[in-house]
Amino acid sequence: MKPHFHKVPIPSRTSFSIRHDKNAGFGTVWHYHPELELHFLVKGKGVRFIGDSITNFTDGELILLGENLPHTWRAEEGASDEAVEVIIIHFLPSCLGADFLLLPEAYQIPKLFEKAKRGLLITGTAKEKILPLMLAAVDAENLDRLIALLSILKILAETSEYETIASAHAFYKSNDSETLRLNKIYAYTLSNYRSDISLQDVAAIANLGITSFCRYFKLMTKKTYNDFLVEIRISQACRLLIEDKLATEVICFECGFNNVSNFYRHFKKVTDMTPLEYKRKYLYKTAPEMI
């Protein structure tokens with residue numbers, strides 16, 4: 001879907017923005033901006049949309065987003081603003097000066113910025129080193145502020161401890177009417193994915209006929225609405241599997257699937273794993289002694 005351009009507020013007399021948001025919730029607008037974004041989720045759970053990726057998020061994620069990479073986070077249903085806390089750094093590629101990226105000692109930085117255009121999930125010791133630097137940078141001033149950012153960029157540029165998030169990066173411009181229409185479709189789907197959503201229903205939300213809606217949605221998102229809906233339902237199923245409170249058969253119907261075999265088929269197609277394999281993979285990562 002075409003994202004909305006977002007103007008990141010950069011405080012005066014500073015070269016980049018850093019903020020520590022407590023009890024702030026998440027915006028729901030699918031958006032992009034020319035600034036790179038380093039996003040540490042102190043606490044919160046839900047679904048994140050980055051490029052063409054739809055994935056669950058949870059506490060402790062550290063993500064680097066490249067310039068103009070469309071994204072949004074949506075907290076789990078029923079979560080209050082108090083359930084969300086994030087530290088976010090926004091910076092332009094040229095924030096340290098146009099000539100900085102041309103220095104021979106900084107040759108790794110442009111490579112990092114290029115990789116970040118697909119979104120990077122930072123893991124391992126790299127994440128452990130970066131988190132205290134981000135916390136310190138929140139209150140740092142003057143040269144200490146720049147040193148903190150440079151230290152973070154050094155770790156990011158040198159590490160191999162990351163996973164690529166989106167399969168491809170995309171940049172779109174959209175007008176206000178397109179943004180409003182797509183965000184209505186997005187919000188309606190996330191609010192009603194448990195129910196049977198007919199093309200007639202969602203086309204009406206978009207104020208289009210069914211044929212026009214199908215053509216419009218495929219043009220905007222490069223996927224059919226049914227594929228988008230399935231991805232939303234599977235992302236919710238993944239979250240419930242990780243919580244390990246409901247049987248898989250119950251999760252199937254809780255996420256809007258009409259029968260178990262259909263659920264298993266879609267789950268395998270989207271995740272390349274069965275629900276049991278997905279759960280075991282998560283448990284192994286968090287508590288290998290339980291396997």
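Small disclaimer: the values here were computed from a predicted structure and weren't measured.
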- Message: Using the rule given for side chain to side chain contact (heavy atoms under 4.5 Å, CB included), can you reason through Ile63 versus Arg48, listing the C-alpha separation, both sets of side-chain angles and the distance that settles it, and then say yes or no?
- Response: CA-CA 11 Å; Ile63 287 177; Arg48 55 173 161 81; 3.5 Å; yes
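- Note on ring orientation: taking the six-membered ring where Trp is involved, the planes of Phe91 and Phe113 are tilted (angle from 30° to 60°).
- Note on Lys127 versus Glu161: no salt bridge recorded, every NZ/NE/NH1/NH2 to OD/OE distance being 4.0 Å or above.
- Counting all heavy atoms, side chain and backbone alike, Ala116 lies closest to Leu69 at O-CD2, 4.0 Å.
- Checked by atom type, the side-chain pair Thr189/Tyr225 shows a donor-acceptor distance below 3.5 Å.
- Nearest heavy-atom pair across Phe57 and Arg74 is CE2-O, 3.5 Å.
- Put simply, CD1 on Ile130 and CD1 on Ile87 are 12.5 Å apart, with the number rounded to the nearest 0.5 Å.
- When atom types are taken as modelled, the side chain of Asn56 and the backbone of Val47 share no donor-acceptor pair closer than 3.5 angstrom.
- No hydrogens or angles considered: nothing links the side chains of Asn192 and Ser195 as a donor-acceptor pair under 3.5 Å.
- In plain terms, the two heavy atoms of Val42 and Asp59 that are nearest each other are O-CB, 3.9 Å.
- Using a 3.5 Å distance cut-off with no hydrogens or angles, the side chains of Thr224 and Asn226 do not pair a donor with an acceptor.
- Geometrically, Arg194 does not engage Phe253 in a cation-pi contact defined by less than 6.0 Å to the ring centre and at most 45° from the axis.
- Remark: side-chain polar atoms of Asp21 are not paired, donor with acceptor, to backbone N or O of Val86 under 3.5 angstrom.
- Ring centroid separation for the pair Phe267 and Tyr278 comes in under the 6.0 Å cut-off.
- A salt bridge links Asp244 with Lys279; the closest basic N to acidic carboxylate O contact falls under 4.0 Å.
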- Message: ring pair (Phe, Tyr, Trp, His ring centres under 6.0 Å) for His71 and His33? Distances and angles first, verdict last.
- Response: CA-CA 10 Å; His71 60 279; His33 40 72; 5.0 Å; yes
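- Side-chain contact of Gln236 with Arg239: a donor-acceptor pair under 3.5 Å is present, judged by distance alone.
- Separation of atoms CD (Glu67) and CD (Glu114) is listed at 8.0 Å; rounding is to 0.5 Å.
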